Structure formats: structure tokens, C-alpha cells
Enquirer: 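Input: one structure, supplied below.
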Amino acid sequence: MNSTTINRIIFYLLAIVLFVGPVLLLILQSFSQTWRFQAGEGINFQWKSYQILLSDPKLLEASLSSIGIGAGVLLVNLILGISTGKALALLSFRGKSFVEAILLSPILIPVLAIAMGLHLFMIRIGVADTLLGVTLIHLVPTVPYSIKIFHNAFHQLGKHLFEQPLVLGASPFYQLFTVELPLMKPALRSVTFLTIVISLSQYAITAIIGGGQIITLPMIFFPFLDTANTSVLAAFSVWFAMIPLSLYLVMEVFILLLPYSRMPWRNRK
């Protein structure tokens, strides 16, 4: 057994222990009564935790709002991240370092302070207490990460690789879908997962800009923290995790439709 095989086995074992195992325990807890290892009791399966969860009248509204906001935030992040990251990686201009610092500054400034400052402006333009306003404020903590990820991706591929399609007569739009996006698959996956998770985790800025009119899952999750029923909390966590997972699967389908993807009908000779 060579070192590569040993390292692969160690990686899989660590992945199971650190990632797969806790997820399976969470799912098991959501379908069972509250149990502890020290109690010596068996596992009693039940559906009551999901019945309590589904009995919340705002659960469906919050889920749909979270999906809509997450999808909108992801779409804008992809547009801004790809365009800005490409410009910063492939173009040379005066003040480039200053522009990069400005684009990454929202990470260093508390998002709550930015939301308080933008709240009055959003009221004046009429986007406060709307899905659009909440989507816009969620761009503040997510766009800098998207720009940085795509910036690094374009920088690693190099400028000359993207000049070849233009020399061969490809339009910028055709180059985007046939050259750039297929090469950006790892960056697309990273931005998708990171953006959705950050957007879904926002509670304070959603409450401020949404004004209590836009209900998302974090806003109905905190009342569940008052209960000591770990099965209900586990059920809500499983429900919560379904949203980023579903949007991630949508992105995977989009990636499979890109040129040069490994699809059965494309591999036929």
C-alpha cells in the first residue's frame, strides 16, 4: 500500500468522523425522542418533532422568502464576482490596489453598522420592507468574498488563456459560456455554497431592512431556541440545511449543462 492510498484512506476516515458522522447524528436526532449516550436508553423513533416544526404557520412563507432571497443574492454575486474578478485579475490600471481594498472593505466594517446607515436611504427610495431591499443588503457581506474567489480563479488561469478565444473570433458572450465558466467550476461551487450560507445566516440586517415584513428562516429559528427539545432543534436544522443544498444542486445542474462537462450523451462516439 503506497503513501497515496494511505493518505486517501486517512482523508476519508477524517471526513466520516468530522463531517458525515455529525450530520447522520443530527438526522437521527430529528427522527427520535431526546436521548443521550449516558442515559443508557434506546432510540425511540417518532415524527413529533417535524409535526411541531410544520405546525408553524410562517414556516412555508419563511422558506420561500429565504429561497427567493438566496437565489437573487447568488445571481447578483455571480454577475458582479465574475465581471469584477476578471477585471481585477486581467487588467492593469492605476489605483488597482486601492480599488481592491475598497471592494473588500465591507468585510472589515460591521454589517450591522452598514445596514443602519443604508436603512434610511432604502426607505427614501422605497425598497425597505421588501424582498428587493433585503436582497440588496445581503450583497454587502457576500459580494467581497465572491469577487475575491473569482479574482483568484482568473489570476491562476492567466491572461493569455482568455486572449486565445478572442483571437479566434469568439464573442465575449460566447467566450463566457464556452471557456470561462467551464474553467470556473470550482469557483462557481465555492461561491454558491458560501453565498447561500452567508445570506441565510443573516438575522439582524434582515430584521432591520425587512422591517418585520420579510420573514426568513433565521427569524423563526430563534424562538425555537427557547425550547429544550433537541429533537425539534435538530428537525429545524435539517429543514434549514435543505435550502443551501437544493440551491447547490441547481448550480450543479447548471454546471453539467456547460460545454465540456461529462455528460453521457456527450461521451458517445
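Numbers for residues simply follow the sequence, beginning at 1. Keep in mind the model is a prediction, meaning the values are calculated, not measured.
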Enquirer: Taking Ser105 for its side chain and Ile102 for its backbone only, find out whether a donor-acceptor pair lies under 3.5 Å.
Expert: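 Checking the backbone N and O of Ile102 against the side chain of Ser105, a donor-acceptor pair under 3.5 Å is found.
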
Enquirer: Assess whether side chain to side chain contact (heavy atoms under 4.5 Å, CB included) is satisfied between Leu139 and Val73, documenting all intermediate values.
Expert: CA-CA 6 Å; Leu139 296 177; Val73 171; 4.1 Å; yes

Enquirer: Give, for atom CE of Met122 and atom CD1 of Ile125, the distance between the pair rounded to the nearest 0.5 Å.
Expert: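 The CD1 atom of Ile125 is 6.5 Å from CE of Met122, to the nearest 0.5 Å.
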
Enquirer: Counting neighbours of CZ on Phe11 that are heavy atoms of other residues, nucleotides or ligands and sit closer than 6.0 Å, is the number greater than 12?
Expert: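 No, because the 6.0 Å sphere around CZ of Phe11 holds 12 heavy atoms or fewer from other groups.
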
Enquirer: Please report the closest heavy-atom contact between Ile114 and Val140, naming both atoms and the distance.
Expert: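 Minimum heavy-atom contact is CD1-CG1, 3.6 Å.
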
Enquirer: I'd like to check Leu88 versus Phe154 (side-chain heavy atoms, cut-off strictly below 4.5 Å). Are they in contact?
Expert: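 Counting from C-beta outward, Leu88 and Phe154 never come under 4.5 Å.
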
Enquirer: Using every non-hydrogen atom in the two residues, find where Ser201 and Ile198 come nearest and quote the distance to one decimal.
Expert: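 Between these two residues, the closest heavy atoms are OG-O, 2.8 Å.
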
Enquirer: From His138 NE2 over to Leu131 CG, what is the distance, rounded to the nearest 0.5 angstrom?
Expert: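 Taking NE2 in His138 and CG in Leu131, the distance rounds to 10.5 Å.
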
Enquirer: So if you build clusters from Ile, Leu, Val, Met, Phe, Trp, Tyr with side-chain heavy-atom gaps below 4.5 Å, do Phe236 and Val197 land together?
Expert: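 No, no single cluster joins them.
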
Enquirer: Hey, are Ser30 and Tyr50 close enough side-chain-wise for a donor-acceptor pair under 3.5 Å?
Expert: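 Side chains of Tyr50 and Ser30: pair found under 3.5 Å.
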
Enquirer: I want to check something: taking the side chain as every heavy atom from C-beta on, are His151 and Lys86 in contact at a cut-off of under 4.5 Å?
Expert: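 Heavy-atom side-chain distance check fails, nothing below 4.5 Å.
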
Enquirer: Starting from the C-alpha separation in whole Å, work towards a yes-or-no answer on side chain to side chain contact (heavy atoms under 4.5 Å, CB included) for Ser199 and Ile69.
Expert: CA-CA 8 Å; Ser199 177; Ile69 293 172; 3.9 Å; yes

Enquirer: Can you list the steps and then say if Val179 with Tyr174 is a side chain to side chain contact (heavy atoms under 4.5 Å, CB included)?
Expert: CA-CA 8 Å; Val179 178; Tyr174 188 78; over 6 Å; no

Enquirer: At what distance, to the nearest 0.5 angstrom, does OG of Ser146 lie from CG of Leu78?
Expert: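 Rounded to the nearest 0.5 Å, the OG-CG separation comes out at 7.0 Å.
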
Enquirer: Which atom names give the shortest non-hydrogen contact between Trp239 and Leu53, and what distance separates them?
Expert: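 That would be CB-CD2, 3.8 Å.
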
Enquirer: Considering all heavy atoms of both residues, which atom of Ala89 and which atom of His155 are nearest to each other, and what is their separation?
Expert: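 Ala89 and His155 have their closest heavy atoms at CB-N, 3.7 Å.
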
Enquirer: Side chains of Phe31 and Ile27: does their closest heavy-atom pair fall under 4.5 Å?
Expert: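 Yes, close enough: below the 4.5 Å cut-off.
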
Enquirer: Rounded to the nearest 0.5 Å, how far does CG of Leu54 lie from CG of Leu60?
Expert: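 It is 10.0 Å, given to the nearest 0.5 Å.
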
Enquirer: So, do Val111 and Pro106 sit near enough that their side-chain heavy atoms are less than 4.5 Å apart?
Expert: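 No, their side chains stay 4.5 Å or more apart.
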
Enquirer: Of all heavy-atom pairs between Phe240 and Leu200, which one has the smallest distance, and what is that distance?
Expert: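 Between these two residues, the closest heavy atoms are CZ-O, 3.6 Å.
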
Enquirer: Any heavy-atom pair between the side chains of Pro141 and Gln202 that's under 4.5 Å?
Expert: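 Heavy-atom side-chain distance check passes, below 4.5 Å.
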
Enquirer: Within a reach of under 6.0 Å around NZ of Lys48, are more than 12 heavy atoms found that belong to other residues, nucleotides or ligands?
Expert: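 No, NZ of Lys48 has 12 or fewer neighbouring heavy atoms, counting only those of other groups under 6.0 Å.
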
Enquirer: With clusters defined by side-chain heavy atoms of hydrophobic residues (ILVMFWY) lying less than 4.5 Å apart, directly or transitively, does Tyr12 cluster with Val20?
Expert: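 They do not share one cluster, since no chain of ILVMFWY contacts under 4.5 Å joins Val20 to Tyr12.
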
Enquirer: Which pairs with one or both residues in residues 176-219 pass ring-ring contact (aromatic ring centres under 6.0 Å, His included), sequence neighbours excluded?
Expert: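 Residue pairs passing ring-ring contact (aromatic ring centres under 6.0 Å, His included), neighbours aside: Phe173-Phe177, Tyr203-Phe222.
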
Enquirer: With a 4.5 Å cut-off on side-chain heavy atoms, are Met251 and Arg189 touching?
Expert: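 SC-SC contact between Arg189 and Met251 ruled out.
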
Enquirer: Look at the side-chain heavy atoms of Ile, Leu, Val, Met, Phe, Trp and Tyr, link any pair under 4.5 Å apart, and say whether Phe121 and Met116 land in one connected group.
Expert: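 Linked, Phe121 and Met116 end up in one cluster.
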
Enquirer: Under 4.0 Å between a Lys/Arg side-chain N and an Asp/Glu carboxylate O for Glu100 and Lys148?
Expert: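 The answer is no: the pair does not qualify as a salt bridge.
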
Enquirer: Against Val143, only a single residue in Ile107, Asn77, Thr84, Leu104 fulfils side-chain contact (heavy atoms from CB on, under 4.5 Å); can you say which?
Expert: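 For Val143, the side-chain contact (heavy atoms from CB on, under 4.5 Å) check succeeds only for Asn77.
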
Enquirer: Side-chain heavy atoms under 4.5 angstrom apart, residues restricted to Ile, Leu, Val, Met, Phe, Trp, Tyr: same cluster for Ile243 and Val191?
Expert: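 Hydrophobic grouping puts Ile243 with Val191.
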
Enquirer: Let me know which of Ile196, Val250, Thr142, Leu194 forms a side-chain contact (heavy atoms from CB on, under 4.5 Å) with Leu74.
Expert: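 Of the listed residues Ile196, Val250, Thr142, Leu194, the side-chain contact (heavy atoms from CB on, under 4.5 Å) partner of Leu74 is Ile196.
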
Enquirer: With a 4.5 Å cut-off on side-chain heavy atoms, are Thr130 and Ile209 touching?
Expert: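 Heavy-atom side-chain distance check fails, nothing below 4.5 Å.
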
Enquirer: Taking all heavy atoms of Leu181 and all of Leu188, pick out the closest pair and write down the distance.
Expert: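 Answer, listing the atom of Leu181 first, then Leu188: O-CD1, 3.9 Å.
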
Enquirer: With rounding to the nearest 0.5 Å, note down the distance linking CD1 in Ile123 to CG in Asp129.
Expert: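 With rounding to 0.5 Å, CD1 (Ile123) is 7.0 Å from CG (Asp129).
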
Enquirer: Is Leu59 close to Ile220 at the side-chain level, that is, under 4.5 Å between some pair of heavy atoms?
Expert: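 Contact flag for Ile220/Leu59 side chains = yes.
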
Enquirer: Measure the spacing between OG1 of Thr5 and CD1 of Ile10 and express it to the nearest 0.5 Å.
Expert: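 The CD1 atom of Ile10 is 11.0 Å from OG1 of Thr5, to the nearest 0.5 Å.
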
Enquirer: Testing Ile82, Leu176, Leu157 for side-chain contact (heavy atoms from CB on, under 4.5 Å) with Met184, which one passes?
Expert: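 Exactly one option meets the side-chain contact (heavy atoms from CB on, under 4.5 Å) with Met184, and it is Leu157.
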
Enquirer: Determine whether Leu217 and Ser63 satisfy the following criterion, side chain to side chain contact (heavy atoms under 4.5 Å, CB included), listing intermediate values before the conclusion.
Expert: CA-CA 6 Å; Leu217 284 179; Ser63 301; 3.7 Å; yes

Enquirer: Taking a hydrophobic cluster as the set of Ile, Leu, Val, Met, Phe, Trp and Tyr residues connected by side-chain heavy atoms closer than 4.5 Å, whether directly or through intermediates, do Tyr248 and Leu257 fall within one such cluster?
Expert: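 Shared cluster, no.
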
